[in-house]
Structures are given as C-alpha cells and as structure tokens.
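Okay, so here's the structure we're looking at.
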Amino acid sequence: MDYSSLKIPNHVAIILDGNGRWAKEKGMSRSKGHEAGFDNLKKLSKYILSKGIKVFSVYAFSTENFNRSTEEVDFLMNLFVKGFKKEKNYFNKENIKVVFSGRRENLRKDVLESMDELTNLTKDNTGGILNICLNYGGHFEIIDACKKMIKENINPEDIDEELFNKYLYQDLPPIDYLIRTSGEIRVSNFMLWQMSYAEFYFPNTYFPDFNEEEFDKAIVEYTKRDRRFGKIDYDKK
Ligand code: IPE
Ligand code: IPE
Ligand code: MG
C-alpha cells in the first residue's frame with residue numbers, strides 16, 4: 001500500500017501475541033509458533049520502517065514471561081541468540097537501528113552478547129529505530145528511571161516529562177499507535193509511560209499471520225482516529 005498521502009504515526013508499538021495459539025491450531029509445538037513469530041518480526045520491521053514510521057517498538061519478552069516453563073524460556077532465549085546473530089546483517093543492510101529496552105539482570109551472558117552485538121553494529125543507522133523490549137516491564141522501567149535519577153542526585157525541581165523520558169531505557173517519542181495481536185485486550189505491563197495518549201488497535205490475528213496486509217489495515221484504521229489530546233475544536237461541525 002502507498003502510505004505517502006496518509007497521516008501516519010511516528011511511533012508504532014506492537015504487543016506481539018498469539019504465537020503459541022497459532023502453532024497449536026496447526027497441530028505444532030509452541031516453539032514453532034515462536035519461530036514463525038520471529039520471522040514475521042523481521043519482515044514486518046523492514047516494512048513498517050520503510051513506510052516513514054520512525055520508531056517501531058515490540059514486546060518480545062516480558063519480565064513476567066520468566067514464569068513460563070524452563071523449557072519454553074530456554075527455547076525463547078536460544079531463539080533470540082540465534083536470531084540476532086543470524087539477522088544482524090539483515091537489519092544493518094536495511095539501515096535499521098536496533099535498540100533494546102528492559103532489565104539486563106537475569107538475562108544470560110550469550111543473550112546479552114548477541115543483543116550488544118546487534119546494537120553496536122546498527123548504532124549509526126538512519127532508516128528508523130526498532131526498539132525490542134526484552135525482559136521488559138513497564139513498572140520496572142519507571143522504577144529504574146527513578147533509581148537512576150536519585151543516584152545521580154537530580155534536583156526534584158528539575159524533573160519534568162522531558163527529563164524523566166531521558167532516564168527511561170530509551171529516550172523515545174510517545175507511542176502514537178499501540179497494536180496487540182491475537183484478540184487479547186490488555187496492556188500486560190507494556191510501555192506504560194510512553195502510551196499515555198496512544199490510539200489502541202486489537203486485531204484477532206495471531207502475530208505470525210500479522211503481515212504487511214494486516215498492518216495496512218491497521219494504518220487505514222489509524223487514519224480514521226480523531227486525536228484530541230484533551231482539546232476541543234470548537235469550529236468543527
Ligand atoms: C507471544 O506469544 C510471544 C511471547 C509472549 C514471548 P505467546 O507465547 O504469548 O502465545 P500465546 O498467547 O500463548 O498464544
Ligand atoms: C505479553 O504477552 C508479553 C509479550 C508479548 C512479550 P503474554 O502472552 O505473556 O501476556 P499475558 O500473560 O497473556 O497477559
Ligand atoms: Mg500470549
């Protein structure tokens with residue numbers, strides 16, 4: 001779809017959900033669903049950022065996801081290591097700058113290494129930012145920002161929204177459009193600070209099937225939204 005005449009969001013965020021159910025419905029293991037999800041993430045990042053959207057945030061693994069079985073957590077961590085290593089040249093070639101949000105504590109050394117490698121390789125890229133939220137919790141992000149400010153002896157009088165944003169994991173613009181796939185209608189501790197005025201969209205599609213066409217539909221829906229930010233346009237009929 002041609003996006004050039006559309007009012008597009010600056011920052012899109014996706015809570016990628018439904019990998020397990022996608023696989024189950026096909027009689028496959030949950031692992032197969034995660035693999036298909038990763039593959040889709042790769043393709044979708046390229047598509048979204050090629051459309052002039054500046055930031056694409058994705059929820060890949062929540063702090064709460066450590067409560068899944070050891071087998072599933074291990075599979076996901078191995079998939080991240082393998083995937084980041086395998087696809088680092090792909091993201092680099094597409095001029096995508098990859099950053100990560102989340103707590104580094106509790107992540108394996110090889111996972112951290114593969115994340116750092118990808119970040120370093122792509123740090124000067126200018127074709128849009130892919131923010132991967134991994135071992136991420138929205139409450140923790142706010143708590144961690146507060147801790148950092150206190151450690152740096154920030155004067156309480158100096159704290160405003162702009163300064164607070166700088167102490168988050170990444171200093172990103174606000175989310176304009178939040179999508180959660182798979183029909184679940186909840187936020188699950190995703191970017192709470194950043195989504196204050198976001199428009200929400202909850203398609204029933206499982207993430208591995210949320211392709212370019214599905215994203216186009218989401219954008220068409222976004223263009224119909226009337227974003228008021230608390231104001232009223234008194235002249236509007
Ligand atoms: C999303 O898919 C991926 C992660 C949370 C890591 P799920 O694994 O949550 O899939 P469902 O919700 O069980 O279908
Ligand atoms: C939310 O998905 C976290 C990610 C997408 C990484 P879950 O599938 O873990 O969320 P809940 O537990 O159903 O809310
Ligand atoms: Mg889920």
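In each ligand, atom 1 is the first atom listed, and ligand 1 is the first ligand listed.
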Check: Any N or O of Arg186 that comes nearer than 3.5 Å to an N or O of ligand 2?
Finding: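 Between Arg186 and ligand 2, an N or O pair is found under 3.5 Å apart.
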Notebook entry, point to check: Are any of the N or O atoms of Arg180 closer than 3.5 Å to those of ligand 2?
Noted result: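 Among all N and O atoms of Arg180, at least one is under 3.5 Å from an N or O of ligand 2.
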Note to self: Consider salt bridge (charged side-chain N to carboxylate O under 4.0 Å, His left out). Of Lys42, Lys46, Lys43, which one does Glu94 pass it with?
What the structure shows: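 Result: among Lys42, Lys46, Lys43, Lys46 is the only option passing the salt bridge (charged side-chain N to carboxylate O under 4.0 Å, His left out) with Glu94.
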Next item on the list: Compare every heavy atom of Arg68 with every heavy atom of Val73, then report the nearest pair and how far apart it is.
Entry: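 Closest approach of Val73 to Arg68: CG2-O, 3.8 Å.
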Closest non-hydrogen protein atom to [atom], residue and atom name please, with distance?
atom	answer
atom 10 (O) of ligand 1	Gly20 N, 3.0 Å
atom 5 (C) of ligand 2	Leu16 O, 3.2 Å
atom 2 (O) of ligand 1	Asn19 N, 3.3 Å

Next item on the list: Tell me which one of Arg30, His34, Arg21 gets a heavy atom nearest to atom 13 (O) of ligand 1.
Entry: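 The residue whose heavy atom sits nearest atom 13 (O) of ligand 1 is Arg30.
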Next item on the list: Have a look at Phe207, Phe61, Tyr59, Tyr136 and point out the one with the heavy atom closest to atom 3 (C) of ligand 2.
Entry: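 Result: the heavy atom closest to atom 3 (C) of ligand 2 is in Tyr59.
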Using a strict cut-off of 4.0 Å, indicate which atoms of ligand 2 neighbour a heavy atom of [X].
X	result
Asp17	8 (O)
Ile15	5 (C)
Ser188	10 (O), 11 (P), 14 (O)
Arg68	7 (P), 8 (O), 9 (O)

Next item on the list: Could you walk me through whether Tyr136 and Phe61 pass the ring-ring contact (aromatic ring centres under 6.0 Å, His included) test, one step at a time?
Entry: CA-CA 7 Å; Tyr136 175 89; Phe61 193 90; over 10 Å; no
Next item on the list: Given side chain to side chain contact (heavy atoms under 4.5 Å, CB included), test Asp110 with Met77 step by step and report yes or no.
Entry: CA-CA 9 Å; Asp110 60 336; Met77 292 302 148; over 6 Å; no
Margin query: Measuring from non-hydrogen atoms of Ser182 to any atom of ligand 1, is the shortest distance under 4.0 Å?
Written below: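 Flag not set, Ser182 not near ligand 1.
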Notebook entry, point to check: Is Glu184 near ligand 1, meaning one of its heavy atoms is under 4.0 Å from it?
Noted result: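 Heavy atoms of Glu184 never come under 4.0 Å of ligand 1.
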Notebook entry, point to check: Do Thr122 and Asn125 get their side chains close enough for a donor-acceptor pair, meaning under 3.5 Å?
Noted result: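 On atom types as modelled, these side chains do not qualify, holding no pair under 3.5 Å.
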Next item on the list: Examine the side chains of Ser101 and Asn131 and answer whether a donor and an acceptor come within less than 3.5 Å of each other.
Entry: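 Distance-only check passes for Ser101 and Asn131.
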Next item on the list: For Asn65, counting its heavy atoms only, list the atoms of ligand 1 lying under 4.0 Å from any of them.
Entry: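 Reading through ligand 1 atom by atom, the close ones are 5 (C).
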Next item on the list: Output the list of atoms in ligand 1 that are nearer than 4.0 Å to some heavy atom of Ala60, sorted by atom number.
Entry: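 Atoms satisfying the 4.0 Å criterion: 6 (C).
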Notebook entry, point to check: In terms of heavy-atom contacts, does NZ of Lys88 have more than 12 from other residues, nucleotides or ligands at under 6.0 Å?
Noted result: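 Counting other residues, nucleotides and ligands, NZ of Lys88 exceeds 12 neighbours.
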Next item on the list: Classify the ring geometry between Phe164 and Trp193 as parallel (under 30°), tilted (30 to 60°) or perpendicular (over 60°).
Entry: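 Rings of Phe164 and Trp193: tilted, as their planes differ by 30° to 60°.
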Notebook entry, point to check: Between Tyr197 and Phe229, what is the ring plane arrangement, given parallel below 30°, perpendicular above 60°, and tilted in between?
Noted result: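 Answer is tilted, since the angle falls between 30° and 60°.
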Note to self: Just checking Tyr222 against Tyr201, ring centres under 6.0 Å apart?
What the structure shows: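 Centroid separation for Tyr222 and Tyr201: 6.0 Å or greater.
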Next item on the list: Compute the ring centroids of Phe84 and Phe100, then answer whether they are less than 6.0 Å apart.
Entry: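 For Phe84 and Phe100, the ring centres are under 6.0 Å apart.
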Item checked: Asp17, N/O/S atom nearest the Mg ion (ligand 3) ->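 Going by distance to the Mg ion (ligand 3), the closest N, O or S atom in Asp17 is OD1.
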Next item on the list: Could you see which bit of Phe190 sits under 4.0 Å from ligand 2, with heavy atoms only: side chain, backbone, both or neither?
Entry: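 Neither; nothing of Phe190 gets under 4.0 Å from ligand 2.
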